[in-house]
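Take a look at the structure set out below.
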Amino acid sequence: MPMEKTFDAASAEPRIYAAWETAGAFRAGANASKPETFTIMIPPPNVTGSLHVGHAFNNTLQDILTRWKRMQGYDVLWQPGTDHAGIATQLVVERKLAEKGNDSRAEMGREKFLKKVWEWKAESGGNIRNQLKRLGASCDWDREAFTMDPNFHDAVIKVFVDMYDKGLIYRGKRLVNWDPHFETAISDLEVENVETPGHMWHFKYPLAGGATYTYVEKDQDGDVLFTEERDYIAIATTRPETMLGDGAIAVHPSDERYAAIVGQLCEIPVGPKEHRRLIPIITDDYPDPTFGSGAVKITGAHDFNDYAVAQRNKIPMYSLLDTKGAMRADGRPYGEEAASAQRIAQGAEDFDEAKIAAMNLVPDAYRGLDRFDARKAVVADITAEGLAVMVPVTDPRLGKPIKAPLAPEEGGEARDDTLVPLVEPKPIMQPFGDRSKVVIEPMLTDQWFVDTAKIVGPALDAVRNGDVRIMPESGEKVFYHWLENIEPWCISRRLWWGHQLPVWYGPAIADDGEPDFGNPKHFCGASFAAVKNLAEAYYSGKFQIEELDFEKAKAWQAKFFESYNRKAQSAGKALVSDDDIKASKLFELEKIAGQNTILRLGRDPDVLDTWFSSGLWPIGTLGWPNWDDSTQKYFPTSVLITGQDILFFWVARMMMMQQAVVGENPFHTVYLHQLVRDEKGEKMSKTRGNVIDPLDIVDEYGADALRFTMAQMAALGGVLKLSEDRIKGYRNFGTKLWNAARFAEMNGATHSDGAIPTPTATVNKWIIGETAKVRAEVDTALETYRFNDAANALYAFVWGKVCDWYVEFSKPLLLDGTDTEKHETQRTMAWVIDQCLILLHPIMPFITEELWATLGDHPKPLIHTDWPTYGDELVDVAAMAEMTWTISLIDGIRSARAQMNVPAGLKIPVLMLDADDSARTTLASNEALVMRLARLVSISPAQTPPKGSVTIPTAGATFALPLADIIDVAAEKARLGKALDKLGKEIGGLNGRLNNPKFAASAPEDIVAEARANLALRADEAAQLTAALERLAEID
RNA sequence: GGGUCGUUAGCUCAGUUGGUAGAGCGUUUCGUUUACACCGAAAAUGUCGGCGGUUCGAGCCCGUCACGACCCACCA
């Protein structure tokens, strides 16, 4: 049965993939013939996600390398798996619960909610795997990993504990983006900044003790605008309600206006007068003297910039809001709190961060107010007290005047200098929760951190000294820039889905092993040595700390608190009661409390940042810390292929973490690619509606077409614009290959035994040499991650060499040749087509595997066929030169025919003039090819061409088409003239260079020789054309 | 504002140590010659963003300007 005219990807691809899987073709070590390993870790997609073009691109590149190395006989592992993706997955499940009208997460409780998430994971977790299979990804699915697999979890916990023990992880306060609607911290990525109309108020902070200074305002030229005595410093703010938490006023050190009062105290003009706090005026580089009044209130707990200033200058940070975004209502009465704060600020009381954080400096009148209501109240109160900055109603900063002056006829005083409070209308970039749509609040909370400064060194060194190479190189600069300025890494997330922190809170344990509630502290899992002395049995094992034995715990806590309460009583301290337990919100052991027992010990409810666990992806998937030779041999991995966007999130952290844990770099090369865009270069997004679903492409054009397109676009550093026309073009390329194979099959050119043929015919020698050249090109390209070079080289070879020329050249030999010619051509063609399949397989695995099976009884499937190593030894220089000449002759005749409008169907004679020996013998051995492809009836030698012929110059001979009846002499003259012009320019340039003595003196010899040779060729050609022109002139 | 990258044919992009510019698509003309119309043959198109410098020679190196993209920080 003859082959179909096209490859039916839709039906063949699933069949072929299934056959590979059944044969275990993707397993680690499959087809390995040498001990060297080659490992790629898949960047784990979100477990509940689905495949988008970025994945398709990323995984195509990985699969190309994987298949290539596997064919080369390396011990290959492509490790697949998925990431639990804390935030994304939790949000998806919450949304689904809401849609179905289920209880909310809070109503459901942690345990039940997590069960739901696991159910969702079971339901949708396989999607992306199946989608990757449609692409042809040859991952070792038997080893598929998940970042919350039990063994992976153990590894994550162990790393946390070890790093805590080494002092690399600590707990501290930090400002986070807080969503008052969901009452949770959210990541920067979940914050949308939207420009919103807002206001900026200007208020006076009176100087302490009625102090005054001379305020001088100058213009840009330094000329004095005005001078006045002031007993206050003016500040501008968009958030008046946070004034209650101010810790200082900052001015720029160079700001002369305030130089006199730096170091003095001023009063926050809000709240009951008898308890107003005094705060210092300090200098910092942050304030911009040209903006607002030049003085900035520093509210460390409620603004990210202020936070940095407060940290630098040791300014206390007072939290004013509760988790819902309302003014705090807890704590002692305002008067006591304010007094205590004042004592701390003046050094009369210890600077105790915990105490400061607990302090509630919201005046009683504002407590419980929503933040926006509180803002109105604060503004009204300050204004009423006369502490707003007043300006004439015509002040340009006011935008529209707030109060229009009454006109005289209206009975008012039409005075332009009517004073009103200065409230500038001002657009502000306001952060909103992308899901809740409420204004995000910076909140000071307890978080866990990795002290990145301590572990960043080896990662930086690895790139600096070349142990890890980042491609493209620009990635290295970005890498340095970030790592050299690295911030502590906040690794705790107020989520439930993820690796819960292995941290319990409880009383401190004194040296004598007795509890000390005076200074409660947290315990990290493995640091429980002290705790363990008190209750050996409390934890069943170092890494199974989640599995609390409640019976033993109960026994322990009874003893523990008996001891504590005894001590507390004698010290006159309060005893621990059941109420204490409930108030502490330490839920882990509340069930025990419910049994009327007490244990003041609870687990931190937060989970680890997803990147903390995915940062351990390389060792975690390979079974660390319990890995053995069968897995450890794949570490360090070979190359990481990932998107540029997660260089910091993931790549850098993997490097730091692997170094911190096992002291090695996780890979030696990082290949960063761009995001895939649509054909206009815009980011694909659902709202834009320009999303291309890779599976739709696979359905329509086949996976191979998509893969080839991806490879072809994968130039280092470029932007990737995906267009359907392009994909279609490469689908056509597959069809072209298919039909070349079909031709071979129809002509008995199949069943190559793999041995390199040793033919006698020039065309056959030539194509073998071309094959050897492209093999080398492909290898070089893949070795240097130039996927586009590999794809383009193969495209040019298969279409431009094999199909356009070799198949055509083979026809006379196959159809009219001698038996010997026919057989050697069949053998050669069978071999060449096989080589095409082998070399194309990494990029187009399906169609090549299908053809491989169609064209012979190969001992192994293509996926496991040996990658060739032949090279220049197969290049026959003489055959190359001969075919190059022949092709240029055919091109010349075809071109002349077309330009002279010779009908394509008309076969014409050709005359050969002035031929040298080389041209004559070359023509003789390829005459049949030329006649067929140039559509000639004859090629005969001649002394002089007949009048009115078309001239074709070649090296070593001039050819002429005697077409006196057909050709247009003027057109031929024009054609020759144009060619001569072009040659003239080239010759001029070459002469210019060669005649320049400095060129000969400084250019390398081969360049000079090449220029000389070129000049000779061009001159010869020009001479032929000139002669032809002269002959044409005779006609007139 | 800080950083990174880009500007090459109508479009999308290659162009690896400086040696005198290419591909695909599109366009135009011709064509069904027994692998393929998802095809074949032929053709046209570039002061390589501007200016200056280094060099015998610059798309490539240096400086500068313009425009654009992206990342980070965003103005109390």
Side-chain angles (χ1 to χ4, degrees), chain A residues 2-3 5-7 188 193 200 235-239 242 250 286-288 290-299 303-306 309 426 428-429 472 474-475 477-478 481-482 485 644-645 647-648 674-675 679-681 683 701 705 712-713 715-723 725-726 728-747 780-781 784 786 788-789 792 795-796 800 803-804 807-808 811 815 891 894-899 901-905 907 932-933 935 986 989-990 992-993 996-1004 1006-1008 1010-1011:
Chain A
M3 287 170 63
K5 284 191 177 182
T6 55
F7 172 57
D188 294 352
N193 285 301
M200 193 159 72
I235 61 94
T237 178
T238 56
R239 302 213 46 194
T242 65
Y286 166 61
D288 174 358
T290 66
F291 188 82
S293 67
V296 187
K297 70 190 204 61
I298 300 302
T299 320
D303 181 279
F304 285 99
N305 286 312
D306 292 5
V309 177
K426 183 173 157 40
I428 45 181
M429 289 298 277
S474 60
K477 289 186 195 167
V478 180
H481 187 252
W482 191 66
N485 301 290
Q644 218 172 41
D645 50 332
L647 177 63
F648 308 140
Q674 293 270 0
L675 295 177
E679 53 198 326
K680 290 183 205 134
K683 240 173 162 169
Y701 300 104
Q712 202 281 145
M713 291 193 312
L716 239 22
V719 174
L720 306 165
K721 296 181 191 168
L722 191 60
S723 92
D725 280 345
R726 202 168 257 238
K728 198 166 157 188
Y730 293 119
R731 186 272 320 267
N732 295 352
F733 172 66
T735 306
K736 190 75 180 171
L737 171 73
W738 181 267
N739 279 289
R742 185 164 176 265
F743 174 83
E745 198 262 350
M746 288 167 68
N747 287 281
T780 305
T784 50
R786 294 174 173 273
N788 57 323
D789 282 358
N792 287 333
Y795 187 97
C803 294
D804 286 351
V807 168
E808 296 305 327
K811 285 175 182 172
L815 300 173
D891 275 342
R894 280 175 170 174
S895 176
R897 286 179 60 123
Q899 287 181 63
N901 292 318
V902 177
K907 294 197 171 187
R932 185 185 175 91
L933 296 186
R935 305 195 63 72
E986 287 184 53
L990 288 165
R993 272 201 279 165
N996 182 340
K998 283 185 181 169
F999 173 68
S1002 23
D1006 53 328
I1007 296 292
V1008 178
E1010 194 187 312

Practice prompt. Indicate the atoms forming the closest heavy-atom contact of A:I235 with A:S293, along with that distance.
Written response: CA-OG, 3.5 Å
Fill in: Straight-line distance of A:M200 CE to A:T238 OG1, nearest 0.5 Å
8.0 Å
Practice prompt. Could you work out the separation of B:A35 and B:U29 based on their C1' atoms and round it to a whole Å?
Written response: 25 Å
Fill in: C1' spacing across the pair B:C60 / B:G53, given as an integer number of angstrom
15 Å
Worksheet, complete the sentence: Counting primed atoms, P, OP1 and OP2 as sugar-phosphate and everything else as base, the B/S/- map of nucleotides 23-29 of chain B against protein heavy atoms under 4.0 Å is -S-----
Worksheet item: Toward the 5' end of RNA chain B, which comes first, A:T238 or A:F733, by nearest nucleotide?
Response: A:F733
Worksheet item: Considering only side-chain heavy atoms of A:C803, which listed nucleotide, B:C56, B:C75, B:A35, is closest?
Response: B:A35
Practice prompt. Report which part of the nucleic acid A:R935 touches: base, sugar-phosphate, or nothing (heavy-atom distance under 4.0 Å, all strands).
Written response: base
Discussion item. Between A:Y795 and A:Y730, is the ring centroid distance below 6.0 Å?
Written reply: yes
Worksheet item: Does any N or O donor sit under 3.5 Å from an N or O acceptor when you compare the side chain of A:R993 with the base of B:U20?
Response: yes
Worksheet item: Starting at CD1 of A:I1007 and ending at P of B:U17, how long is that distance when rounded to a whole Å?
Response: 14 Å
Worksheet item: Given that both distances must come in under 3.5 Å, which nucleotide forms a Watson-Crick or G-U wobble pair with B:C39?
Response: B:G31
Fill in: A:K5 (side chain) and B:C36 (base): donor-acceptor pair under 3.5 Å
no
Discussion item. Suppose you measure atom C1' in B:U20 against the same atom in B:U55; what distance do you get, rounded to whole Å?
Written reply: 14 Å
Worksheet item: Using atom P of each nucleotide, how far apart are B:G59 and B:G52 to the nearest Å?
Response: 14 Å
Worksheet item: Is there a Watson-Crick or G-U wobble partner for B:U64 with both distances under 3.5 Å, and if so, which one is it?
Response: B:G50
Discussion item. Pairing check on B:U45: which nucleotide meets the Watson-Crick or G-U wobble criteria with it, both distances under 3.5 Å?
Written reply: none
Worksheet entry | side-chain N/O A:K728 vs B:C38 OP1/OP2, d < 4.0 Å | no
Worksheet item: For B:G15, does either OP1 or OP2 sit under 4.0 Å from a side-chain N or O belonging to A:R786?
Response: yes
Discussion item. So does A:R742 get a backbone contact from the side chain of A:N739, meaning a donor-acceptor N/O pair under 3.5 Å?
Written reply: no
Worksheet item: On a whole-Å scale, what distance lies between the P atoms belonging to B:A58 and B:C67?
Response: 28 Å
Practice prompt. Both distances under 3.5 Å, Watson-Crick or G-U wobble: report the partner of B:U16, or none.
Written response: none
Item to complete: Measure from the side-chain heavy atoms of A:K998 and tell me the nearest of B:C38, B:A76, B:C56.
Response: B:C56
Practice prompt. Verify the contact: side-chain N or O of A:S895 to OP1 or OP2 of B:A41, cut-off strictly under 4.0 Å; return yes or no.
Written response: no
Worksheet item: With a 3.5 Å cut-off and just heavy-atom distances, do the side chain of A:E808 and the base of B:A35 make a donor-acceptor pair?
Response: yes
Worksheet item: Can you name the closest pair of heavy atoms from A:G294 and A:P287 and give their distance?
Response: O-CB, 3.7 Å
Fill in: Complementary nucleotide for B:C70 - Watson-Crick or wobble, under 3.5 Å
B:G3
Worksheet item: On a whole-Å scale, what distance lies between the P atoms belonging to B:G24 and B:C5?
Response: 31 Å
Worksheet entry | Euclidean distance, atom NZ of residue A:K811 to atom P of B:U34 [Å, nearest integer] | 8 Å
Worksheet item: In whole Å, what is the span from the CG atom of A:L933 to the P atom of B:A35?
Response: 13 Å
Worksheet item: Nearest nucleotide by nearest heavy atom, which residue falls closer to the 5' end of RNA chain B, A:T6 or A:P287?
Response: A:T6
Practice prompt. Please answer whether the main-chain N or O of A:T299 pairs with a side-chain N or O of A:D306 as donor and acceptor at a distance below 3.5 Å.
Written response: yes
Discussion item. Checking contacts here: which listed nucleotide (B:C38, B:A42, B:C75) is nearest the side-chain heavy atoms of A:D288?
Written reply: B:C75
Worksheet item: Rounded to the nearest 0.5 Å, what separation is found between the CG atom of A:L737 and the CG atom of A:N732?
Response: 12.5 Å
Discussion item. Would you say NZ of A:K728 has more than 12 non-hydrogen atoms from neighbouring residues, nucleotides or ligands within 6.0 angstrom?
Written reply: no
Worksheet item: Between atom CD1 in A:I235 and atom P in B:C75, what is the gap in whole Å?
Response: 15 Å
Fill in: Gap between atoms CG and P, on A:N747 and B:U34 respectively (whole Å)
13 Å
Discussion item. What is the separation between atom CG on A:N739 and atom P on B:U32, rounded to the nearest whole Å?
Written reply: 20 Å
Worksheet item: Over how many whole Å does the gap from A:L990 atom CG to B:U20 atom P extend?
Response: 9 Å
Practice prompt. Using both distances under 3.5 Å as the test, list the Watson-Crick or G-U wobble partner of B:A21, or none.
Written response: none
Fill in: Distance test, side-chain N/O of A:N305 to OP1/OP2 of B:C74, below 4.0 Å
yes
Practice prompt. Using whole Å, report how far CD of A:E1010 lies from P of B:G19.
Written response: 11 Å
Worksheet item: Per the atom types in the model, does the base of B:C36 pair as donor or acceptor with the side chain of A:R742 at under 3.5 Å?
Response: no
Discussion item. For the backbone of A:R935 and the side chain of A:R897, can you confirm whether one donor and one acceptor N or O come within less than 3.5 Å of each other?
Written reply: yes
Item to complete: For the residue pair A:F7 and A:W738, categorise the inter-ring angle as parallel (less than 30°), tilted (30 to 60°) or perpendicular (more than 60°).
Response: tilted
